[in-house]
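Step one of this worksheet: look at the structure below.
Keep in mind it's a predicted model, so treat the numbers as computed, not measured. Sequential numbering from 1 along the given sequence is applied to the chain's residues. In what follows, every heavy atom counts, from backbone to side chain, and hydrogens, waters and symmetry copies are set aside.
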Amino acid sequence: MPRRSSVLSLLLLLGLSVAGCGSGQAAGSSQSGAQGGAGMMGGNATSQHGYPGMMAAGPGYTYSPVSCSAPSSLAGQRVDVTLADMGMTAMMGGIAPMGSRMMLNASPATVTAGQVSLVASNVGWRTHELVILPLTEGATAGQRVVGPDGKVAEKGSLGEASGSCAAGAGQGITAGQVGWVTLTLAPGRYEVVCNLQNHYADGMHQEFTVN
């Protein structure tokens with residue numbers, strides 16, 4: 001009889017432990033959804049905002065809702081570019097310090113030559129931009145020299161999306177806004193970057209291939 005009682009007690013404790021774990025996961029899922037629903041996404045998933053390529057580079061990225069969108073009539077192939085920050089809040093402004101965690105993700109990262117429309121969605125807290133630069137033979141993304149101003153040289157730039165809810169160049173894409181640019185790209189290797197102060201050094205760059 002004592003042995004049966006011990007077994008029952010052990011089973012009861014195990015049941016409570018499992019229930020506790022389950023409730024913790026549910027709470028985590030709810031919190032992720034409140035932050036934009038993309039915190040646990042990976043691969044080429046589509047977020048609740050409907051933008052392909054909005055994927056987390058790892059835990060800790062908080063996604064802001066996007067309040068505008070690019071025209072559906074943009075010419076050529078569409079490339080969605082996600083711009084985001086880790087650990088940033090709306091209270092944190094000014095220049096991003098070196099060592100901040102930021103991300104830039106372009107999807108798809110390979111297109112065919114011709115007209116290409118790049119749509120940059122800023123789902124982070126800081127202002128960002130998108131600049132398209134050529135890559136020289138043998139160079140890879142992330143190797144550009146950052147100057148004293150925290151930026152890289154934009155020699156040979158093919159264009160940029162840096163306006164909030166607008167096409168082309170502007171004053172920067174603010175949090176929750178979208179910018180876009182349509183270019184005619186020849187076959188080659190390119191690098192898409194955010195070139196605001198320290199953003200390139202903080203990880204906002206990706207290789208982009210045109211076949």
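Listed here is the closest heavy atom pair of P71 and L74: O-CG, 3.3 Å. Here the closest heavy-atom approach between residue M102 and residue A96 is recorded as CE-CB, 3.2 Å. Across all their heavy atoms, E160 and S162 have their closest contact at OE2-OG, 2.5 Å. Nearest heavy-atom pair across H199 and T127 is CE1-O, 3.2 Å. Of all non-hydrogen atoms in D149 and K151, the two that sit nearest each other are OD1-N, 3.0 Å.
The distance from the CZ atom of R189 to the CD atom of E207 is 4.0 Å, given to the nearest 0.5 Å. A distance of 9.5 Å separates CD1 in I95 from CZ in R126, rounded to the nearest 0.5 Å. Here the straight-line distance linking atom CD1 of I132 with atom OG of S157 works out to 6.5 Å at 0.5 Å rounding. In this structure, OG on S107 lies 8.5 Å from CD on Q206, to the nearest 0.5 angstrom. With rounding to the nearest 0.5 angstrom, the SG atom of C194 is 4.5 Å from the CE atom of M204. A distance of 11.5 Å separates CG of N195 from NE2 of H205, quoted to the nearest 0.5 Å.
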Indicate every side-chain donor-acceptor pair of residues 108-119 with a distance under 3.5 Å to a residue at least two apart or in another chain.
{"unit_1": "T112", "atom_1": "OG1", "unit_2": "Q77", "atom_2": "OE1", "d": "3.0"}
{"unit_1": "T112", "atom_1": "OG1", "unit_2": "Q77", "atom_2": "NE2", "d": "3.1"}
{"unit_1": "S117", "atom_1": "OG", "unit_2": "A75", "atom_2": "O", "d": "2.6"}
{"unit_1": "S117", "atom_1": "OG", "unit_2": "T182", "atom_2": "OG1", "d": "2.7"}

If you look only at distance, which donor and acceptor atoms sit under 3.5 Å apart when one is on a side chain in residues 170-179 and the other is two or more places apart or in another chain?
{"unit_1": "T174", "atom_1": "OG1", "unit_2": "S164", "atom_2": "OG", "d": "3.2"}
{"unit_1": "Q177", "atom_1": "NE2", "unit_2": "S67", "atom_2": "OG", "d": "2.8"}

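Cluster partners of Y200, using a side-chain heavy-atom cutoff of under 4.5 Å among ILVMFWY residues and allowing indirect links, are V131, L133, V146, V152, V193.
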Evaluate the side-chain contact (heavy atoms from CB on, under 4.5 Å) criterion for residues D85 and H128: first the C-alpha distance (whole Å), next the side-chain angles of each, then the deciding distance (0.1 Å), finally the verdict. CA-CA 10 Å; D85 313 289; H128 294 296; 2.9 Å; yes
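L135 is not connected to V81 by any chain of hydrophobic side-chain contacts under 4.5 Å among Ile, Leu, Val, Met, Phe, Trp and Tyr, and they are in different clusters. At a threshold of 4.5 Å between side-chain heavy atoms, the hydrophobic network of Ile, Leu, Val, Met, Phe, Trp and Tyr places W180 and L196 in two separate groups.
Judged by distance alone, with hydrogens and angles left aside, the side-chain atoms of D202 form a donor-acceptor pair with the main-chain N or O of G99 at under 3.5 Å.
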